[in-house]
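Below is one structure, written out as structure tokens; the observations come after it.
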Amino acid sequence: MSRHALFATLVTLVTVTVSTNAANFNDYTEQGSFTAPASPTLIDNLPDGRLIILSVADLYIEDAFNTRSFTFAGTLPGADISIFGGSFLKVSPDGTRIAVGNGGGTSFTNFQVGVFNLSDFMGQWFTASHFLGQWFDNSNIALTAGTFGQPAVVTILDITSPNASIPINPTIINGIGGASAGIAIDNTGNLYTGNGFDDFNPVTTSTTGTIKAFTNTDWMLAWTTGTPLDFELEGIEIATILSASPLAFDAMNNLFVGGGNFGVDADNVALVNASAINDVLSGGNPIDALDTTQVRRFDPDTINSNFYFLAHNPITHETYAWDSDTIHIIATDTPSAVPTTNTYAPATMILLMFACAIKTIRSRYRNVASRLVGGAKAKPMFNDRRMSNGITAFILLCATIAPRATAQSPFAATVPDYTPAPGQLVNNPAFNDPTHALGPPTGGGTLNPDNSGIVTLGGFGGYIVLAFDHTVEDHPANPLGLDAIVFSNAFHVSGNPNRKWAESAHIEISQDTNQNSQPDDPWYLIPGSHITNPANQFTTQVWDNDFADPTHPPTLPTWYPVIPVSMYETTAYRLPADPFNDIVLSNPNGPVATEEAIFGYADNTPTLVLGDLNVDNIVDDHNITPEEFYTVPDDPFTVGIRAGSGGGDAFDIAWAIDPNTNQPANLPGFDFIRITTAVNHIDPAFGEQSTDIDAVSDVTPGLMGDADADNDVDLDDFNFLRTCLTDPGPNFAPRCRVMDFNFNHQIDLTDYADLQIAFTGDLSE
């Protein structure tokens with residue numbers, strides 16, 4: 001755009017489209033009920049959304065997603081649970097184990113918490129007083145506990161304790177002036193608990209149903225120092241509702257509350273607005289439980305009087321309420337973006353242009369302010385085989401330093417093609433909406449992914465094609481030489497980054513060379529670490545809907561996509577059985593390796609929570625935007641996620657090859673990306689391995705000369721330059737391109753001189 005055209009926009013009304021989230025709090029409605037296979041009942045869900053139900057010591061697992069039919073899975077070994085049932089059932093964040101509170105057993109004095117593998121029911125019972133429990137991570141469970149008539153407490157049970165009879169179980173909150181209540185942890189790590197019944201202790205400041213929040217900093221400090229917090233004197237009072245038990249957050253951070261206060265406040269389920277909670281956490285007054293704009297009430301069983309138990313399923317966006325074997329469903333639609341059009345006058349546009357300049361500087365140079373990175377003081381950050389195919393100065397500043405026009409997004413913008421293969425979730429509207437892959441990801445972190453914004457590709461050969469509104473460039477200043485990132489719902493098993501819950505897909509890219517905005521130009525493969533012979537690994541899988549035919553899977557009707565053919569084929573470059581045919585993908589370099597042996601594929605690396613700058617699943621920067629956070633790549637060659645990145649699986653356009661010749665594609669960029677499930681395996685316990693995609697982003701360029709992507713140019717980068725010096729010619733490593741200051745395709749003494757000019761020194765000090 002010329003300067004005259006830019007100036008003309010200042011005297012013209014400009015229409016801007018903004019996205020706002022649907023009011024999830026108001027969307028919840030009662031959605032009927034179903035009958036549990038046995039009673040008494042405890043409920044939770046697996047990572048794929050299937051329900052599990054515990055009746056006394058018998059465990060039932062839903063046959064397939066959303067069927068409401070269950071199969072008996074087995075009986076917990078060594079269980080001492082009364083006929084009234086246990087006190088809680090919780091699936092671990094990695095989905096491999098369950099924690100069960102026995103409620104005191106048949107004697108009501110033998111309190112034990114059992115932890116068992118879902119695959120083989122191996123596990124043990126820990127001696128631990130408890131009422132309700134909530135996993136904090138895959139090794140620790142937060143418990144509410146207490147003796148009736150005495151103040152209750154919150155403890156953290158360490159399930160790696162060497163002695164299950166005397167486990168590590170320190171108190172982090174004490175002095176709760178009443179009985180135990182519920183416990184929940186919100187999406188920023190704040191811990192919530194309450195006073196479940198205070199009638200025997202009238203001197204307390206809290207009362208039945210008082211809910212308090214304890215910030216992640218405070219309760220973790222109490223945990224690490226061994227100095228408990230005092231419930232009556234500390235914490236932030238949120239509200240007084242029912243009996244504060246149980247507590248459960250939904251994906252939007254609205255809080256469900258169950259239980260009841262014997263006629264004072266009973267026979268309903270309460271839903272507390274997330275925005276009202278945020279107001280209290282920011283210093284506002286406690287929530288008025290009678291204010292319907294802040295607290296909604298549901299009574300799905302109007303015939304009987306109930307003290308409702310609760311469980312929330314983040315996959316289906318359903319909350320289950322029950323007081324018998326009838327399970328009532330309170331559900332909401334998946335949160336979505338609603339376009340809203342605003343028109344700005346010229347004066348407002350000037351301000352927007354000014355903001356554009358400032359924001360572009362912040363985005364390009366990665367936030368001048370100090371940020372926590374790796375727990376240390378931050379560095380200032382300047383810085384065709386398919387079956388279906390003044391003012392002007394500020395403006396010039398924006399145009400000069402922004403790598404993209406202001407109308408462009410760093411995230412994929414459209415879906416030219418989506419063809420899933422058979423799989424458990426391909427007919428579920430929560431998982432088969434391809435637009436879920438557009439825009440920024442909904443990252444949930446390394447331990448508990450957020451599945452509310454993913455799209456499944458189904459089994460082997462299922463794929464999605466995404467398009468950008470600009471060409472993704474092989475930019476020399478991109479951090480670590482990486483150009484794009486694919487985000488998914490992978491997570492670290494038991495917190496170990498060498499073991500991932502991953503369902504790998506291969507990546508292909510295409511440049512719109514014929515300029516028709518269609519993905520009909522040649523596709524080039526990102527081979528990654530394990531596609532070494534594309535021609536030999538190219539595989540065809542036949543599927544049919546004859547479910548009695550064992551030759552061509554699937555075996556369940558719900559797995560088959562709604563398509564007008566009884567048999568069809570999918571194709572992909574198949575990844576080898578070892579190590580990919582395991583739902584837990586283990587680093588071939590070993591369980592304590594620091595170098596990653598698997599790279600170049602989608603759905604392998606977790607997507608971090610927005611603003612988690614040091615990979616601890618806690619938000620550090622509440623003001624950072626997705627455009628800033630999710631355009632910084634992780635290092636795919638190093639185990640773990642690089643602090644300051646948004647996670648995901650990054651790749652270099654220079655890796656692309658022509659799959660027919662195995663020769664480099666030498667692409668300057670791409671306009672389309674195709675992601676395909678590349679593992680052809682059906683696990684007997686968890687079903688088919690099917691890739692789930694959250695988003696794809698373009699990487700934002702960093703600083704020329706910053707070879708290690710630490711947002712400065714220092715002696716480490718000078719040392720790296722020495723490995724890149726070449727004779728004339730383009731034969732230097734892709735990561736050396738960040739040293740090619742004059743873009744002449746060689747690294748020489750001229751670049752060495754430019755690097756000296758770019759030198760900033762170590763900005764971390």
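At least one side-chain heavy atom of Ile507 sits less than 4.5 Å from a side-chain heavy atom of Phe651. Using a 4.5 Å heavy-atom threshold, the side chains of Thr691 and Thr456 count as separate. Contact annotation: the side chain of Ile509 approaches that of Ile526 to within less than 4.5 Å [non-hydrogen atoms, C-beta and beyond]. No side-chain heavy atom of Val465 sits less than 4.5 Å from a side-chain heavy atom of Ile673. Under the 4.5 Å side-chain criterion, counting only non-hydrogen atoms from C-beta, His317 is in contact with Ser452. The shortest side-chain heavy-atom distance between Phe460 and Thr676 does not fall under the 4.5 Å cut-off. Put simply, the side chain of Pro479 reaches to within 4.5 Å of the side chain of Pro633, judged on heavy atoms. Counting heavy atoms from C-beta on, the side chains of Leu608 and Phe629 come closer than 4.5 Å.
Annotation: side chain to side chain contact (heavy atoms under 4.5 Å, CB included) contacts of Asp582 (sequence neighbours excluded): Val584. The side chain to side chain contact (heavy atoms under 4.5 Å, CB included) check on Asn66 picks up Arg68, Thr316, Glu318, Asn428, with sequence neighbours excluded. By the side chain to side chain contact (heavy atoms under 4.5 Å, CB included) test, Ala413 is found to be paired with Asp469, residues two or more places apart in sequence or in another chain being considered. Applying the side-chain hydrogen bond (donor to acceptor under 3.5 Å, both in side chains) criterion to Asn427, with sequence neighbours excluded, gives no partner residue. Annotation: salt bridge (Lys or Arg N to Asp or Glu O under 4.0 Å) contacts of Asp474 (sequence neighbours excluded): Arg737. Remark: Ser690 engages Glu688 in a side-chain hydrogen bond (donor to acceptor under 3.5 Å, both in side chains) (not counting sequence neighbours). For His530, the ring pair (Phe, Tyr, Trp, His ring centres under 6.0 Å) partners at least two apart in sequence or on another chain are Phe580. Partners of Pro554 under the side chain to side chain contact (heavy atoms under 4.5 Å, CB included) rule, at least two apart in sequence or in another chain, are Pro422, Trp543, Phe547, Trp559, Tyr560. Asp450 meets the salt bridge (Lys or Arg N to Asp or Glu O under 4.0 Å) test with no other residue; sequence neighbours excluded. Partners of Phe411 according to the ring pair (Phe, Tyr, Trp, His ring centres under 6.0 Å) rule, which considers only residues two or more places apart in sequence or in another chain, do not exist here. Not a single salt bridge (Lys or Arg N to Asp or Glu O under 4.0 Å) links Arg642 to another residue, sequence neighbours left out.
Taking the ring centroids of Tyr573 and His506, they lie under the 6.0 Å cut-off.
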Return a table of donor-acceptor pairs under 3.5 angstrom between the side chains of residues 481-492 and protein atoms on other chains or two or more places apart.
unit_1	atom_1	unit_2	atom_2	d
Asp483	OD1	His475	N	3.4
Asp483	OD1	Asn478	ND2	2.8
Asp483	OD2	Ile653	N	2.7
Ser488	OG	Ala490	N	3.4
Ser488	OG	Asp603	OD1	3.0
Asn489	ND2	Asn451	OD1	2.8
Asn489	ND2	Asp692	OD2	3.3

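Under the side-chain contact (heavy atoms from CB on, under 4.5 Å) rule, His681 has a single partner from Asn581, Leu575, Ile583, which is Asn581. The only option from Val455, Val426, Ile315, Leu457 that meets the side-chain contact (heavy atoms from CB on, under 4.5 Å) definition with Phe431 turns out to be Ile315.
Judged by distance alone, the side chains of Asp521 and Thr513 do bring a donor and an acceptor atom under 3.5 Å apart. A side-chain N or O of Asp417 and one of Tyr463 form a donor-acceptor pair less than 3.5 Å apart. Residues His470 and Asp698 have side chains that bring a donor and an acceptor to within less than 3.5 angstrom of each other.
Without hydrogens or angle criteria, Gln511 side chain to Pro668 main chain gives no donor-acceptor distance under 3.5 Å. The closest donor-acceptor contact from the side chain of Asp652 to the backbone of Trp655 lies at 3.5 Å or more, if one exists at all.
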